[in-house]
Amino acid sequence: MTATLPVSDPTATVPASRRRRVLVTGVEHAGGLAALRGLAAAGYEPWAATDDTSSYGAVSRAAGGVVEVADARLDAERFARDLVAAAARIGAVAVLPGTEAALIALGRHRDLFPADVAVGAPDVDDTVAVLDKDALAGLAARAGFRTPPTLRLSAADVATADITFPVVVKPVRSELVTEDGLARFEVTRAANAAELTATLAALPGREGLVQPYLSGRIRTVNGVAWKGETLTTVHKLAERTWPADCGVVTWAETVDRDAGLDVAARALMAELGWSGLFNLQLIESAGHHYLIDVNPRMYHSLGLAVAAGVNLPAMWTDLLLGERPEVVEFTRGVRFRSEEDLRSLWAMFRSGRRGAALRGLLPHARTTHAVLSVTDPAPMVEVVRRAARLVTRSS
């Protein structure tokens with residue numbers, strides 16, 4: 001495990017000598033990068049904890065330093081022990097898990113940390129309950145959400161099942177146990193029985209959850225909760241995702257709260273007794289909103305909430321440290337664009353929606369990006385380098 005020297009952070013207004021250090025994992029992803037930037041802006045000194053020292057967070061100016069840790073999916077205990085050692089060495093007061101694998105690993109090994117280090121991972125059973133997509137329908141219904149009809153199906157049962165295609169295939173949980181440790185499995189669209197069988201066969205246990213494929217806009221309710229109490233929410237409406245059929249949000253905008261969805265979101269967090277960040281994904285179809293996923297982590301578009309005035313990562317850290325954060329209202333009409341949005345627009349253009357694709361290229365005021373930042377350019381440089389390497393390999 002290695003550490004780099006701290007670098008200055010131009011976004012912080014608190015003197016470095018009085019800034020509390022926080023270890024942040026998951027900085028290989030846009031959500032972790034957003035957490036680093038948000039914490040630095042709030043006066044914390046976040047350090048990037050990663051197994052990839054060229055990751056977004058590792059090269060970001062928002063990081064006060066970098067520590068190298070094991071991959072939480074491959075060796076959960078070593079991952080936790082690396083963080084324990086790093087926290088002791090740099091004097092960190094809190095550790096924030098940025099991925100579901102990190103939540104599970106730290107939930108299992110919270111007892112390794114000393115009492116003066118706050119660990120942002122609930123008991124592992126609580127985390128698994130949130131990630132259990134099979135049980136989501138019952139929990140969601142009690143909270144007031146609609147969910148798509150769901151069938152738990154094995155690859156061997158496809159031939160005899162009564163299914164109307166296309167369908168969406170989900171793992172029972174996003175992070176599943178394999179021979180090599182935890183592995184992440186994404187949601188997939190299947191257009192016919194052959195695709196469905198192959199998709200299920202690739203999942204551990206050769207089974208998964210099958211739902212009808214619903215088309216419509218994605219709406220999310222995002223926020224932070226503490227022991228089941230939701231402190232605040234930020235609502236956004238997504239116009240584009242990548243991949244277009246079952247992907248992450250690439251273009252979105254903060255919108256007024258939907259009162260019914262907000263009440264249901266708060267009820268679901270209370271039902272789960274959740275502490276931490278959350279991202280609830282819904283799809284708008286046939287006049288209804290259907291809850292399709294619950295992400296209890298640093299989600300892809302986390303930077304939008306921060307840009308809209310609600311610093312969710314900092315609020316979470318305040319709570320972990322026993323403080324009650326100030327709750328402010330989010331700004332409507334703030335936009336988010338992911339670097340993958342170009343791929344979404346290109347797919348729209350090729351499908352014949354050329355006017356919409358070209359309009360989507362236009363810049364807009366009050367737009368934050370997943371990676372791109374004028375004041376923190378190094379992560380975007382890394383995006384370009386990775387793209388160049390892919391082009392070189394394919395040529």
Side-chain angles (χ1 to χ4, degrees), residues 31 34-35 38 100 103 120 122 126-148 150 170 173-174 187 211 214 216-238 241 248-249 252-285 287-316 318-319 324-325 327-332 334 336:
E100 291 166 358
L103 274 166
D126 293 337
T127 298
V128 170
V130 178
L131 299 177
D132 190 341
K133 299 180 188 300
D134 198 15
L136 177 61
L139 292 172
R142 287 199 293 272
F145 283 116
R146 294 174 181 263
T147 58
T150 303
K170 299 180 178 180
R173 293 196 303 273
S174 298
V187 177
Q211 298 175 341
L214 302 176
R217 294 191 300 179
I218 298 294
R219 186 180 184 113
T220 71
V221 181
N222 318 284
V224 62
W226 188 250
K227 298 180 180 178
E229 177 196 354
T230 297
L231 274 74
T232 191
T233 59
V234 178
H235 288 228
K236 76 170 184 289
L237 191 63
T241 64
V248 297
V249 170
E253 182 177 352
T254 54
V255 295
D256 286 334
R257 287 186 180 91
D258 179 295
L261 297 179
D262 204 73
V263 168
R266 291 170 182 270
L268 181 58
M269 291 301 106
E271 179 85 19
L272 293 165
W274 185 248
S275 293
L277 303 178
F278 64 85
N279 164 257
L280 310 184
Q281 294 189 0
L282 303 106
I283 191 163
E284 186 181 300
S285 181
H288 298 292
H289 287 98
Y290 294 88
L291 181 64
I292 56 175
D293 208 358
V294 177
N295 296 310
R297 54 176 166 79
M298 297 173 186
Y299 56 95
H300 183 68
S301 57
L302 177 59
L304 176 58
V306 178
V310 182
N311 196 331
L312 294 178
M315 292 179 70
W316 181 26
D318 291 346
L319 290 164
R324 187 76 177 183
V327 177
V328 298
E329 190 57 27
F330 69 91
T331 303
R332 278 66 166 172
V334 181
F336 168 85

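- Contact between Val306 and Gly38 at its shortest, heavy atoms only, is CG1-CA, 4.2 Å.
- Here the CD-OG1 distance, from Gln211 to Thr150, works out to 3.5 Å after rounding to the nearest 0.5 Å.
- A distance of 5.0 Å separates CD of Gln281 from CG of Asn295, quoted to the nearest 0.5 Å.
- If you run side-chain contact (heavy atoms from CB on, under 4.5 Å) between Pro148 and each of Leu291, Ile292, Ile283, only Ile292 comes through.
- Judged by distance alone, the side chains of Arg146 and His288 do bring a donor and an acceptor atom under 3.5 Å apart.
- The pair Arg219-Glu284 does not count as a salt bridge, with every side-chain nitrogen at least 4.0 angstrom from each carboxylate oxygen.
- Thr331 meets the side-chain hydrogen bond (donor to acceptor under 3.5 Å, both in side chains) test with no other residue; sequence neighbours excluded.
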Step by step, would you call Tyr290 with Thr147 a side-chain contact (heavy atoms from CB on, under 4.5 Å)?
CA-CA 5 Å; Tyr290 294 88; Thr147 58; 5.7 Å; no
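- Pairing each heavy atom of Ala34 with each of Gly303, the nearest pair is CB-N, 3.5 Å.
- The minimum heavy-atom distance between Lys170 and Val187, with the atom names listed, is CG-CG2, 3.8 Å.
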Just do the side-chain contact (heavy atoms from CB on, under 4.5 Å) check on Trp316 and Asn311 with the steps written out, would you?
CA-CA 9 Å; Trp316 181 26; Asn311 196 331; over 6 Å; no
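- A side-chain contact (heavy atoms from CB on, under 4.5 Å) with Tyr299 is found for one member of Leu312, Val249, Val248 and no other, namely Leu312.
- Two residues are said to be in side-chain contact when any heavy atoms from C-beta on lie closer than 4.5 Å; Phe145 and Leu261 meet this criterion.
- In this pair, Phe336 and His300 present their aromatic rings perpendicular. The plane angle is above 60°, beyond the 30 to 60° band.
- A distance of 9.0 Å separates CG of Asn279 from CG of Leu302, quoted to the nearest 0.5 Å.
- Checked for salt-bridge contact, Arg257 and Glu329 meet the test: a charged N lies under 4.0 Å from a carboxylate O.
- Here the side chains of Arg173 and Lys133 are not in contact, with every heavy-atom distance at 4.5 Å or above.
- The shortest distance between side-chain heavy atoms of Leu272 and Phe278 does not fall below 4.5 Å.
- Contact annotation: the side chain of Thr232 approaches that of Val310 to within less than 4.5 Å [non-hydrogen atoms, C-beta and beyond].
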Report the C-alpha separation of Leu280 and Met269 in whole Å, then their side-chain angles, then the decisive distance to 0.1 Å, and conclude whether the side-chain contact (heavy atoms from CB on, under 4.5 Å) test is met.
CA-CA 10 Å; Leu280 310 184; Met269 291 301 106; 4.0 Å; yes
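- A donor and an acceptor atom, one from each side chain of Thr220 and Lys236, are located under 3.5 Å apart.
- You'll find the side chain of Pro296 reaches within 4.5 Å of the side chain of Glu100, heavy atoms only.
- The backbone N or O of Lys227 lies less than 3.5 Å from a partner atom in the side chain of Ser275, making a donor-acceptor pair.
- Between the side chains of Asp258 and His289, no donor N or O sits under 3.5 Å from an acceptor N or O.
- Put simply, CG on Leu282 and CG on Asp293 are 10.0 Å apart, with the number rounded to the nearest 0.5 Å.
- The OG atom of Ser301 lies 11.5 Å from the CD1 atom of Ile218; values are rounded to the nearest 0.5 Å.
- Side-chain contact between Trp274 and Thr127 is present, with at least one heavy-atom pair separated by less than 4.5 Å.
- Minimum heavy-atom separation, Val221 to Ala265: CG1-CB, 3.8 Å.
- Residues Ala143 and Ala267 come closest through the heavy atom pair O-CB, 3.7 Å.
- Pairing each heavy atom of Val328 with each of Gly309, the nearest pair is CG2-O, 3.2 Å.
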Could you give me the CA-CA distance, side-chain angles and deciding distance for Arg324 and Leu231, then say whether side-chain contact (heavy atoms from CB on, under 4.5 Å) is met?
CA-CA 10 Å; Arg324 187 76 177 183; Leu231 274 74; 4.2 Å; yes
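- The pair Asp256-Arg332 counts as a salt bridge, with a side-chain nitrogen and a carboxylate oxygen less than 4.0 angstrom apart.
- In this structure, the side chains of Arg217 and Thr241 stay at 4.5 Å or more apart for every pair of heavy atoms.
- With contacts defined as side-chain heavy-atom distances shorter than 4.5 Å, the pair Thr233/Asn222 does not qualify.
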